[in-house]
Engineer: 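Take a look at this one; I'll ask things after.
The analysis underlying the following values was restricted to heavy atoms, covering all of them including side chains, and did not include hydrogens, waters or symmetry mates. Residue numbering restarts at 1 for every chain, and letters A, B, ... go by the order of the sequence lines.
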There are 2 protein chains.
Amino acid sequence: MTQFGTYVNTARRSLQEHDRRYSLRQVAKRIGVEPGYLSKIERGQVAPPSEAATVRLAKELDQDPDVLLALGGKVSSDLQEVIRKRPRLFAQLIRELRDAPDHAVLRIVREVRDGDW
Amino acid sequence: MTQFGTYVNTARRSLQEHDRRYSLRQVAKRIGVEPGYLSKIERGQVAPPSEAATVRLAKELDQDPDVLLALGGKVSSDLQEVIRKRPRLFAQLIRELRDAPDHAVLRIVREVRDGDW
DNA sequence: GAAAGTGTGTAGTGTTTAGGAAACATGACG
DNA sequence: CGTCATGTTTCCTAAACACTACACACTTTC
């Protein structure tokens with residue numbers, strides 16, 4: 001489960017190369033956590049942070065929040081809310097799509113976006 | 001948030017009418033919790049139980065686990081896992097479908113089930 | 001009228017979550 | 001050399017989560 005830490009560390013260090021405002025300390029300060037805590041996160045010494053902190057971190061590092069949340073073993077609470085409002089419907093849909101190939105899911109996304117209902 | 005308790009209590013009492021094996025105590029015993037705890041759950045005196053206990057309770061009362069989980073403010077972890085495996089894809093899909101009417105979502109479910117990819 | 005079964009109230013428990021505070025070691029800079 | 005800034009380590013904790021244990025009062029059953 002140190003996937004999360006490695007990912008964050010890599011992303012941050014790649015930004016740090018060109019911009020020294022991306023030191024661990026400065027990033028920690030901007031996202032509102034203690035440096036020691038972020039250090040432990042990057043090194044997988046503690047569990048991934050809360051949803052809120054994860055999202056702040058993702059934005060700070062210019063990463064997709066949903067991806068970083070996933071690495072942290074979480075699912076965005078706004079997605080959960082959508083499911084909880086119509087549990088039968090969405091549970092069925094998601095289970096149906098579990099093994100569908102990416103392009104099939106994407107096709108559906110496009111269909112829906114083009115609003116043909 | 002006493003939606004959960006009321007729902008459980010109603011479901012159980014309706015079964016209890018015809019079958020006295022559905023007393024609070026016996027149901028509690030079968031799903032593996034203390035009677036006092038189930039009592040508090042039904043009356044909303046404590047937060048809804050864990051996912052595992054919720055699912056056992058739903059099955060015992062012949063209810064849809066996803067619906068009961070939703071009432072408890074949760075989303076089944078197997079659904080979360082599906083999302084976490086392809087976060088960008090599923091996040092996009094679900095957000096796109098947030099305001100879609102039921103019948104539109106259902107149509108998609110049927111399309112997918114009929115496996116036309 | 002005892003035994004068994006019903007639901008409820010009070011109190012307390014172990015575990016997990018989500019961090020904070022402060023000190024430490026290292027290297028770069030002026 | 002002193003002082004920044006960097007990342008790291010150790011120790012600690014407040015709150016939430018998910019329950020258990022047990023005694024109580026009442027009702028039904030035998």
Engineer: Whole angstroms only, please: what is the CD-P distance between B:Q16 and C:dG5?
Structural biologist: 15 Å
Engineer: Under the side-chain hydrogen bond (donor to acceptor under 3.5 Å, both in side chains) rule, collect the residues that match up with A:R98, sequence neighbours excluded.
Structural biologist: none
Engineer: When you check the side-chain N and O atoms of A:Q16 and A:S23, is any donor under 3.5 Å from an acceptor?
Structural biologist: no
Engineer: Compare every heavy atom of B:P35 with every heavy atom of B:A28, then report the nearest pair and how far apart it is.
Structural biologist: CB-CA, 3.8 Å
Engineer: Walk along DNA chain D from 5' to 3' and tell me the first and last nucleotide with an atom closer than 4.0 Å to a non-hydrogen atom of chain A.
Structural biologist: D:dT6 to D:dC11
Engineer: Please determine if a side-chain N or O atom of B:R20 lies less than 4.0 Å away from the OP1 or OP2 oxygen of C:dG5.
Structural biologist: no
Engineer: Using 4.0 Å as the upper bound for N to carboxylate O, is an ion pair formed by B:K85 and B:E81?
Structural biologist: yes
Engineer: Would the distance check show the side chain of A:T54 and the main-chain N or O of A:P49 forming a donor-acceptor pair, the cut-off being under 3.5 Å?
Structural biologist: yes
Engineer: Between A:Q26 and B:A53, name the one whose nearest nucleotide on DNA chain D is closer to the 5' end.
Structural biologist: A:Q26
Engineer: Could you walk me through whether A:L69 and A:D64 pass side chain to side chain contact (heavy atoms under 4.5 Å, CB included), step by step?
Structural biologist: CA-CA 9 Å; A:L69 283 170; A:D64 186 327; over 6 Å; no
Engineer: Sort out for me which residue in A:V75, A:D78, A:L79 forms a side chain to side chain contact (heavy atoms under 4.5 Å, CB included) with B:I94.
Structural biologist: A:L79
Engineer: For the pair made of NZ in B:K40 and P in C:dT10, what is the distance, rounded to whole Å?
Structural biologist: 10 Å
Engineer: Whole-Å distance between C:dG5 C1' and B:E34 CD?
Structural biologist: 16 Å
Engineer: From the list C:dG20, C:dG7, C:dT6, which nucleotide is the closest neighbour of the side chain of B:L24?
Structural biologist: C:dG7
Engineer: Using a strict cut-off of less than 4.0 Å between a Lys/Arg side-chain nitrogen and an Asp/Glu carboxylate oxygen, indicate whether A:R107 and A:D102 qualify as a salt bridge.
Structural biologist: no
Engineer: For B:Q45 and C:dG7, what is the distance between atoms CD and C1' respectively, to the nearest whole Å?
Structural biologist: 12 Å
Engineer: Output the residues of residues 72-82 of chain B in contact with DNA chain D, where contact means a heavy atom of the residue under 4.0 Å from an atom of the strand; sort by number or write none.
Structural biologist: B:K74
Engineer: Would you kindly give the OH-to-P distance between B:Y37 and C:dT6, to the nearest whole Å?
Structural biologist: 21 Å
Engineer: Can you name the one residue among A:R86, A:R84, A:R95 that meets salt bridge (Lys or Arg N to Asp or Glu O under 4.0 Å) with B:D66?
Structural biologist: A:R95
Engineer: Between atom CZ in A:F4 and atom C1' in C:dG19, what is the gap in whole Å?
Structural biologist: 14 Å
Engineer: With sugar-phosphate meaning primed atoms plus P, OP1 and OP2, does A:R12 contact a base, only sugar-phosphate, or nothing at under 4.0 Å between heavy atoms?
Structural biologist: sugar-phosphate
Engineer: Given C:dG20, C:dG5, C:dT8, which nucleotide is nearest the side-chain atoms of A:V33?
Structural biologist: C:dG20
Engineer: Quick one, B:E111 and A:E111 - any side-chain contact, counting heavy atoms below 4.5 Å?
Structural biologist: yes
Engineer: For A:R25 and C:dG20, what is the distance between atoms CZ and C1' respectively, to the nearest whole Å?
Structural biologist: 14 Å
Engineer: Nearest heavy atom decides the nucleotide; on that basis, is B:S23 or A:S50 closer to the 5' end of DNA chain C?
Structural biologist: B:S23
Engineer: Base, sugar-phosphate, or nothing for A:S39, non-hydrogen atoms under 4.0 angstrom?
Structural biologist: base
Engineer: Output the rounded distance in Å from CD (A:E51) to C1' (C:dT17).
Structural biologist: 14 Å
